[in-house]
Amino acid sequence: MGKRKIWVGLLLTLQILWVCWFPSPAQAFTDEQKLVNEVWRIVNQAYVDSSFNDQNWRLVRQQVLKQPLPDRQAAYATIQQMLASLGDPFTRFLKPAQYRSLQTTTVGELTGVGLQISLNPATGQLEVITPLEGSPAARAGLQPHDQILRIDGLSTAELALDEAAERMRGATGTSVTLTIQRSDTADSPFEVQLARDRIALNPVRAELRPQPDGKALGYIRLNQFNANAANEMLQALTALEEQGAERYILDLRSNPGGLLQAGIEIAQLWLDPGPIVYTVDRNGVQGGFNTDRSPLTHDPLVVLVNQGTASASEILAGALQDTHRAQIIGEKTFGKGSIQSLFNLPNGAGLAVTIAKYETPNHRDINKVGILPDQVVSLDAISREQVGTQADAQYQAALKVLTADSVLAGAA
């Protein structure tokens with residue numbers, strides 16, 4: 001009987017504590033509290049790490065809802081603080097303008113300097129993933145892993161990832177000054193002034209290139225996995241096949257990734273039936289994406305990669321490498337092995353949440369590791385016009401492989 005009284009008393013205490021910590025139905029949340037709570041709820045249900053970076057996520061909720069939230073900006077700041085505790089730069093809150101800009105990028109155009117950026121999880125430093133081809137940043141010679149120390153004099157240590165991106169976007173013709181530290185040198189930081197421009201994200205450039213041995217080469221450069229990428233790749237590959245291409249170079253250098261679905265659809269154009277990528281969620285449950293159709297071509301293929309090859313580009317390169325469909329040439333890739341999903345929030349805001357990790361068909365986890373090419377070839381800085389020419393050492397290495405007697409003949 002005594003034990004029963006103890007348990008009843010304990011339950012009553014817990015009920016009292018629950019009422020103290022959480023508002024009763026009569027104490028409705030304000031709009032700001034609702035927004036913070038909605039972000040917490042989405043992360044609670046979807047985030048890939050069930051330990052939430054080794055913290056009590058329910059206690060985090062209690063603490064943030066106790067904070068004064070007098071207006072929407074206070075709610076935004078609280079959300080960013082809450083997400084920062086996860087230690088994941090890819091799980092982030094997007095203010096309405098930032099969310100619109102991200103959506104614009106995925107459908108094929110933007111206005112700004114043309115930089116894909118990331119927060120280095122080891123250092124917390126803002127760094128370049130890659131400049132977009134033809135952008136002001138590319139013309140200025142910015143490189144993957146360049147560290148961005150200041151934007152118009154403001155230290156990036158004080159900025160969230162999307163705040164930094166927002167400061168670099170702007171109207172065509174306006175300027176922004178970046179302070180850059182080149183990561184692989186001991187040189188002093190330097191300033192670069194960039195004039196913002198409208199950047200058309202035409203993701204595919206393809207051409208037929210006759211070769212001395214009479215076997216035509218199809219050269220395809222894929223810049224980004226946006227909403228147009230899969231259809232443009234289909235059209236380019238179909239046209240090259242009709243023109244008589246007998247071997248291919250797929251150039252994924254400085255391709256920062258984009259939409260996972262675009263990466264899957266493009267892989268299906270090259271691969272025989274089988275796995276493309278596996279996904280692993282917070283519970284260790286494994287899913288994946290496969291192709292069950294025949295590829296458009298079995299012609300020999302070489303893929304070019306570099307340090308700016310990231311995300312969906314690494315999914316594609318990893319699948320082609322693991323299935324022996326292609327040889328990979330270039331430099332070790334960026335190493336982003338996580339998948340994010342976007343969630344709509346009230347008033348036009350958005351939330352990007354890391355929902356899973358991915359593995360290549362051979363179950364390689366490349367996060368923070370990258371993909372090591374079959375043939376490592378470094379490349380000195382070359383101009384945009386020199387890409388895919390005699391001055392391009394990685395391209396020349398690919399040509400040598402494709403003309404050798406030992407070239408991979410598709411998936412055979």
Side-chain angles (χ1 to χ4, degrees), residues 92 94-118 126-144 146 148 150-154 156 159-180 191-207 220-233 235-236 251-259 261-263 266 308-313 342 348-350 352 381-388:
R92 59 200 193 276
L94 302 163
K95 296 178 183 179
Q98 296 167 340
Y99 195 32
R100 287 194 300 271
S101 295
L102 179 61
Q103 291 170 316
T104 298
T105 300
T106 60
V107 299
E109 62 179 12
L110 58 84
T111 300
V113 300
L115 276 178
Q116 293 282 345
I117 58 175
S118 173
L126 184 70
E127 66 177 36
V128 175
I129 296 178
T130 190
L132 299 179
E133 184 173 1
S135 68
R139 292 193 294 270
L142 295 187
Q143 301 175 12
D146 278 350
I148 305 174
R150 289 184 288 278
I151 302 173
D152 283 335
L154 180 65
T156 56
L159 300 175
L161 181 65
D162 292 288
E163 289 175 330
E166 187 67 18
R167 286 182 175 272
M168 288 187 281
R169 299 186 185 109
T172 299
T174 60
S175 295
V176 60
T177 300
L178 306 182
T179 305
I180 301 295
E191 289 191 348
V192 177
Q193 187 176 59
L194 302 174
R196 298 180 179 95
D197 200 358
R198 191 170 188 82
I199 302 164
L201 301 177
N202 299 318
V204 177
R205 178 166 64 88
E207 60 182 283
I220 305 175
R221 182 162 176 77
L222 179 61
N223 299 315
Q224 188 185 52
F225 291 83
N226 64 24
N228 305 326
N231 185 55
E232 287 196 21
M233 178 65 75
Q235 293 181 19
D251 194 342
L252 296 179
R253 291 176 295 179
S254 298
N255 182 325
L259 300 175
Q261 187 58 38
I266 289 173
T309 303
S311 192
S313 293
L342 292 175
I382 59 176
S383 68
R384 177 188 174 193
E385 291 72 24
Q386 291 175 311
V387 172

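Looking only at side-chain heavy atoms (C-beta outward), Arg167 and Leu154 come within less than 4.5 Å of each other. Counting only heavy atoms from C-beta outward, the side chains of Phe225 and Ser313 approach each other to under 4.5 Å. Side-chain contact between Gln235 and Val204: absent, with no pair of heavy atoms (C-beta onward) separated by less than 4.5 Å. Looking at Glu163 and Lys95, their side chains come closer than 4.5 Å, going by heavy atoms from C-beta outward. Put simply, the side chain of Gln193 does not reach to within 4.5 Å of the side chain of Leu178, judged on heavy atoms. Using a 4.5 Å cut-off on side-chain heavy atoms (C-beta onward), Leu94 and Leu342 make contact. By the 4.5 Å heavy-atom criterion applied to side chains, Ile220 and Met233 are counted as neighbours. Within the 4.5 Å cutoff, no side-chain heavy atoms of Leu159 are placed close to those of Leu126.
In this structure, CD1 in Ile117 is found 5.0 Å from CG in Leu161, a value given to the nearest 0.5 Å. In this structure, Arg139 CZ and Asp197 CG are separated by 5.5 Å, a value rounded to the nearest 0.5 Å. With rounding to the nearest 0.5 angstrom, the CG atom of Leu115 is 10.0 Å from the CD1 atom of Ile129. In this structure, CD1 on Ile180 lies 10.0 Å from CZ on Arg150, to the nearest 0.5 angstrom. To the nearest 0.5 angstrom, Leu222 atom CG is 9.0 Å from Glu232 atom CD. Annotation: the span from Leu252 atom CG to Thr309 atom OG1 amounts to 6.0 Å, rounded to 0.5 Å.
The minimum heavy-atom distance between Ala195 and Pro136, with the atom names listed, is O-CG, 3.3 Å. Scanning both residues, Pro256 and Ser311, for their nearest heavy atoms gives O-CB, 3.6 Å.
Put simply, the side chain of Asp146 gets close to the backbone of Gln143: a donor and an acceptor are under 3.5 Å apart. Checked by atom type and distance alone, the side chain of Ser254 never pairs as donor or acceptor with a backbone atom of Gly308 at under 3.5 Å.
For Glu191, the side-chain contact (heavy atoms from CB on, under 4.5 Å) partners at least two apart in sequence or on another chain are Thr177, Thr179. Checked against side-chain contact (heavy atoms from CB on, under 4.5 Å), Ser135 has the following partners two or more places apart in sequence or in another chain: Pro131, Leu132, Ala137, Ala138, Ile199. With sequence neighbours excluded, the residues that form a side-chain contact (heavy atoms from CB on, under 4.5 Å) with Asp251 are Tyr219, Arg221, Arg253, Leu304, Val387.
Looking only at atom types and distance, the side chain of Arg196 has a donor-acceptor partner in the side chain of Thr174 under 3.5 Å away.
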